[in-house]
Protein chains: 2
Amino acid sequence: MAKTKIAEIESCCSSVLTTTLSEQEAVDLARGYAALGDPVRLRLLSMIASAGECCSCDLEAPLGKSQPTISHHTKALAEAGLIVGEKRGRWMWWTIVPDGVLALRQALAP
Amino acid sequence: MAKTKIAEIESCCSSVLTTTLSEQEAVDLARGYAALGDPVRLRLLSMIASAGECCSCDLEAPLGKSQPTISHHTKALAEAGLIVGEKRGRWMWWTIVPDGVLALRQALAP
DNA sequence: TCCTCCTATTGACATCCGTCGATACATTTG
DNA sequence: CAAATGTATCGACGGATGTCAATAGGAGGA
C-alpha cells in the first residue's frame, strides 16, 4: 500500500511533456505504450477491466481471434505490467494492474 | 475553445477501462498509442513539449538519428494528431497538440 | 488410468516498421 | 539565375510483429 503511493508520486513527476526523457526512460515507457498499440490488446484490456476479472477462454469468441493469438496478447500485456494472471483450476483469470496503467496515464500529464 | 471543451468532455466518457471498446474505437486509439510506442518518438515528443516549439533540424543531433528518420517520426506523430507542424521559411516548427495527447491520457482514466 | 478441456509454446508465414543513403522539393541568399 | 540549406520522399534492408495450425503441458473428471 505504501509502495503504491510512492509509485503514484514518482510517476506524477516524470511526465513526457514536462521533462526531457532520457534514453532509458523512453525505452521503458515506449514498451508500455507499444503494448497498447494494438486494437486486439486494447479491447482485451477493456474487456478485462469491465469484467473486473476475465478468463482467457471467454476472450476468444468476442474478439474473433484464435486461442494462440489471445494467449500471445495476454502475455504481451502481462509483460508490460498492465495485467496479471492467476491460474485457478484449468482456467487463467486475468485482472488489471492499476499501477501499470496509471504510470502510462501519468506520463501524459501536462 | 468551445470545441476543446467538448472534446475534453467526450474523451472523459470513453475510457478503455470503463467501457468495452468497439472494434473501430480500438483501432483509432491503438493508432495513437502505437505512435507513442517508439523511444525515438517519445523523446521527440518530449523535446518538442519541453521547448514549446521545436525545429526539425534541432532534433537530429540530440537523438542521434539521421534526417530522414527524424522526418519519418515527426510525420508519424503528426498523423496521430499529437503534434502539428508549421513551415516558417526553410524551417519546420513543431508544436504539441494538447487535445491529441489528452485523448490518449483520458482513455486510461479509471 | 484415460479422456477431456483450457492454456502455453513452437514453427511458419506475411506484413509492418525503423533505419539510412540517395534523391527530389522548396525557400532563402548571393 | 545559381548556389546553399532545410525538409520530404523513395528504395532497400534487417528485424520485429500479428496470425494461425499443430503440438505440448497440466489440471479435473469418468
Side-chain angles (χ1 to χ4, degrees), chain A residues 21 23-24 26-48 51 53-95, chain B residues 21 23-24 26-48 51 53-95:
Chain A
L21 295 179
E23 170 67 22
Q24 192 55 49
V27 168
D28 292 339
L29 270 178
R31 217 186 305 272
Y33 291 120
L36 298 178
D38 180 90
V40 174
R41 280 196 293 271
L42 266 187
R43 299 186 73 189
L44 231 147
L45 197 73
S46 183
M47 293 173 65
I48 296 173
E53 187 176 54
C54 211
C55 152
S56 286
C57 58
D58 293 331
L59 298 168
E60 299 175 26
L63 295 179
K65 298 294 175 183
S66 72
Q67 180 270 322
T69 297
I70 298 296
S71 180
H72 167 72
H73 286 307
T74 51
K75 183 179 182 181
L77 286 172
E79 287 178 343
L82 298 176
I83 64 175
V84 63
E86 178 195 357
K87 192 150 194 174
R88 289 207 289 271
R90 291 186 277 207
W91 297 271
M92 192 66 165
W93 291 89
W94 298 100
T95 54
Chain B
L21 295 179
E23 169 67 21
Q24 191 54 49
V27 168
D28 293 341
L29 270 178
R31 218 187 303 274
Y33 291 119
L36 298 177
D38 180 271
V40 174
R41 280 197 293 270
L42 266 188
R43 298 186 72 189
L44 232 148
L45 196 74
S46 183
M47 294 173 64
I48 296 174
E53 188 175 55
C54 210
C55 151
S56 286
C57 57
D58 293 331
L59 298 169
E60 299 176 27
L63 295 179
K65 298 295 175 183
S66 71
Q67 180 269 322
T69 298
I70 298 296
S71 180
H72 168 72
H73 286 307
T74 50
K75 184 179 180 181
L77 286 173
E79 287 179 342
L82 298 175
I83 65 175
V84 63
E86 179 193 357
K87 191 150 194 176
R88 289 208 289 271
R90 288 187 279 209
W91 297 272
M92 193 66 165
W93 292 90
W94 298 99
T95 53

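The structure presented is a predicted model; accordingly, all values stated were derived computationally and were not measured. Letters A, B, ... are given to chains in the order of the sequence lines, protein chains preceding strands, and every chain is numbered from 1.
The CH2 atom of Trp91(B) sits 10.5 Å away from atom CG of Asp58(B), with the distance rounded to the nearest 0.5 Å. In this structure, CE on Met92(B) lies 12.5 Å from SG on Cys54(B), to the nearest 0.5 angstrom. Distance check: Leu59(A) CG to Leu44(A) CG gives 5.0 Å after rounding to the nearest 0.5 Å. In this structure, Ile48(A) CD1 and Ser56(A) OG are separated by 7.5 Å, a value rounded to the nearest 0.5 Å. One finds the NZ atom of Lys87(A) at 11.0 Å from the SG atom of Cys55(A) (value rounded to the nearest 0.5 Å). The distance from atom OG of Ser66(B) to atom NE2 of His72(B), rounded to the nearest 0.5 Å, is 10.5 Å.
Residue contacts shown for Ser56(B) are limited to sugar-phosphate atoms, with no base heavy atom under 4.0 Å away.
In this structure, the side-chain contact (heavy atoms from CB on, under 4.5 Å) partners of Ala30(A), at least two apart in sequence or on a different chain, are Pro39(B), Leu42(B).
When DNA chain C is scanned 5' to 3' for any atom under 4.0 Å from a heavy atom of chain A, the first and last hits are dT4(C) to dT9(C).
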List the atom pairs, donor and acceptor, that lie under 3.5 Å between side-chain atoms in residues 74-83 of chain A and the rest of the protein, sequence neighbours left out.
residue  : atom : partner  : partner atom : Å
Thr74(A) : OG1  : Ile70(A) : O            : 3.1
Thr74(A) : OG1  : Ser71(A) : O            : 2.9

Strictly under 3.5 Å: I want the nitrogen or oxygen pairs between protein and nucleotides 9-18 of chain D, one per line.
residue : atom : partner  : partner atom : Å
dG18(D) : OP1  : Arg41(A) : NH1          : 3.2
dG18(D) : OP1  : Arg41(A) : NH2          : 2.8
dG18(D) : OP2  : His72(A) : NE2          : 3.4

Counting primed atoms plus P, OP1 and OP2 as sugar-phosphate and everything else as base, spell out the protein contacts along nucleotides 24-30 of chain D at 4.0 Å heavy-atom distance: B, S or - for each nucleotide, 5' to 3'.
---BS--

For Glu53(B) and Arg88(B): C-alpha separation, side-chain torsions, deciding distance, then whether side chain to side chain contact (heavy atoms under 4.5 Å, CB included) applies.
CA-CA 12 Å; Glu53(B) 188 175 55; Arg88(B) 289 208 289 271; 3.0 Å; yes

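Pairs of residues two or more places apart, or lying in two chains, that qualify as side-chain hydrogen bond (donor to acceptor under 3.5 Å, both in side chains) and include a residue from residues 32-42 of chain B are Arg41(B)-His73(B).
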